[in-house]
Amino acid sequence: MSAKPFKVLITHPEVPQSGIDLLNENCELVRVESLPPKRSELLQKIRGVDGILWGGHEALNAEVLDAAGPQLKSISTMSAGIDYVDLDEVKRRKIPLGHTPTVLDNAVADLAVGLLIAAGRRFHEGRKKIETGNWENYHLNWMLGQDVRDSVVGFYGFGGIGQAIAKRLSGFDIDQVLYTTRRRIDRETEKELNAKKVEFNELLTKSDFVVIAAPLTAATQGVFNATAFNKMKNTAVLINIARGKIVNQNDLYDALRSNRIFAAGLDVVDPEPLPPNSKLLTLDNIIILPHIGSATNRTRSDMATIAAHNVLRGLVGERMLSPAY
């Protein structure tokens, strides 16, 4: 049997089999076996590889590319966000980079709707009431939450995930979608989703629910701070399924504790993992999930498949299925 033409590193031992099987047909596979993956093992095993399927959220930077060597010709992450990649460094070396954005839109959108309802209807607080023997069902106005029906939902960032969330929410008879992006989306999608592009300030003042669905960049980091929260309705619910650093968590804590805003639902925080003694966890009016937006069997498998296709195409000089730049 002739030797396989390419050598590919899989940087995480839990990359789904769907991706492994695809690569295995034409590539000799090298795998990082430690869990959590040890950087030392990664840097040792990366030497001389032609391609990399980057399975975790470790820093992908010059150190890694130097360790691999000049023959490296193809990389794909298994994620939508690539804020852990030194993109300038990858571009400078002219190495094609793939990622897996659209495949996780549906799973993340489902979770976002769940968070929006759970935060708006006080699921976490309700559970705590039961656990602490404070089920006060003799009140008529007890545990009242926010309606999704007839609400204005504002999106900070309105790409594939934001639009998938808006599509789902249209089934809840919301009043309107507002969105803040650099470029206006196409008119047809606007019409279909009853969406209107507005400035950030208008988004904050008019929205009943604010959904963060933007990538983390220098411009978006910390933009949800005390100034932003002070412009929001005191009945507003904040949802973040993007990146933790877009929100100033100290300011969010203050806004929630003082009931400046009604509630928050987060699938992303900073840092991750969040320390168990984080003051955010002491609040009743917040729901925090451990970054599980894309964590479904089907989505993970699809992500591995697309990442593998990206790597294979990069190896033979074809345009990737889902290029990052």
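Residues: numbered from 1 along the sequence shown.
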### Query
Is the number of heavy atoms from other residues, nucleotides or ligands under 6.0 Å of R93 CZ greater than 12?
yes
### Query
Does the side chain of E190 come under 3.5 Å of the side chain of Y179 through a donor N or O and an acceptor N or O?
yes
#### Entry: Straight-line distance of L72 CG to L315 CG, nearest 0.5 Å
9.0 Å
### Message
Counting only heavy atoms from other residues, nucleotides and ligands, does the tally under 6.0 Å from NZ of K233 exceed 12?
### Response
yes
### Message
Under a 3.5 Å distance rule, please check whether H139 uses its side chain to pair with a backbone N or O of N141 as donor and acceptor.
### Response
no
### Query
Is the number of heavy atoms from other residues, nucleotides or ligands within 6.0 Å of CZ (R168) greater than 12?
yes
### Query
With a cut-off of 6.0 Å (strictly less than), are more than 12 heavy atoms of other residues, nucleotides or ligands near CG of N297?
no
## Note on the structure
The residue among R127, K128, K129, R257 that forms salt bridge (Lys or Arg N to Asp or Glu O under 4.0 Å) with D284 is K128
#### Entry: Nearest atoms (heavy-atom pairs only) where P5 meets D50
O-OD2, 4.2 Å
### Task
Carefully, step by step, assess I288 and I286 under the rule side chain to side chain contact (heavy atoms under 4.5 Å, CB included).
CA-CA 6 Å; I288 305 180; I286 191 168; 3.9 Å; yes
### Query
Does CD in E188 sit with more than 12 non-hydrogen atoms of other residues, nucleotides or ligands closer than 6.0 Å?
no
Result block: side-chain N/O donor-acceptor pairs under 3.5 angstrom for residues 318-325, not counting sequence neighbours:
from, atom 1, to, atom 2, distance (Å)
S322, OG, H99, O, 3.1
Y325, OH, I95, O, 2.5

### Query
Is it true that a side-chain atom of D150 and a backbone atom of D175 form a donor plus acceptor pair closer than 3.5 Å?
no
### Greater than 12 external heavy atoms within 6.0 Å of E131's CD
yes
### Task
Kindly give the heavy-atom pair with the smallest separation between I261 and F229, and that separation in Å.
CG2-O, 4.0 Å
### Task
Indicate whether the side chain of N310 and that of S76 have a donor and an acceptor atom separated by less than 3.5 Å.
yes
#### Entry: Trace of the side chain to side chain contact (heavy atoms under 4.5 Å, CB included) decision for L312 with L23
CA-CA 7 Å; L312 289 168; L23 289 168; 3.8 Å; yes
#### Entry: Atom NZ of K167: over 12 foreign heavy atoms under 6.0 Å
no
### Task
Could you tell me whether K38 and E41 have a side-chain N and a carboxylate O separated by less than 4.0 Å?
no
### Task
Compute whether any side-chain donor of one residue and acceptor of the other, for T299 and S294, lie under 3.5 angstrom apart.
no
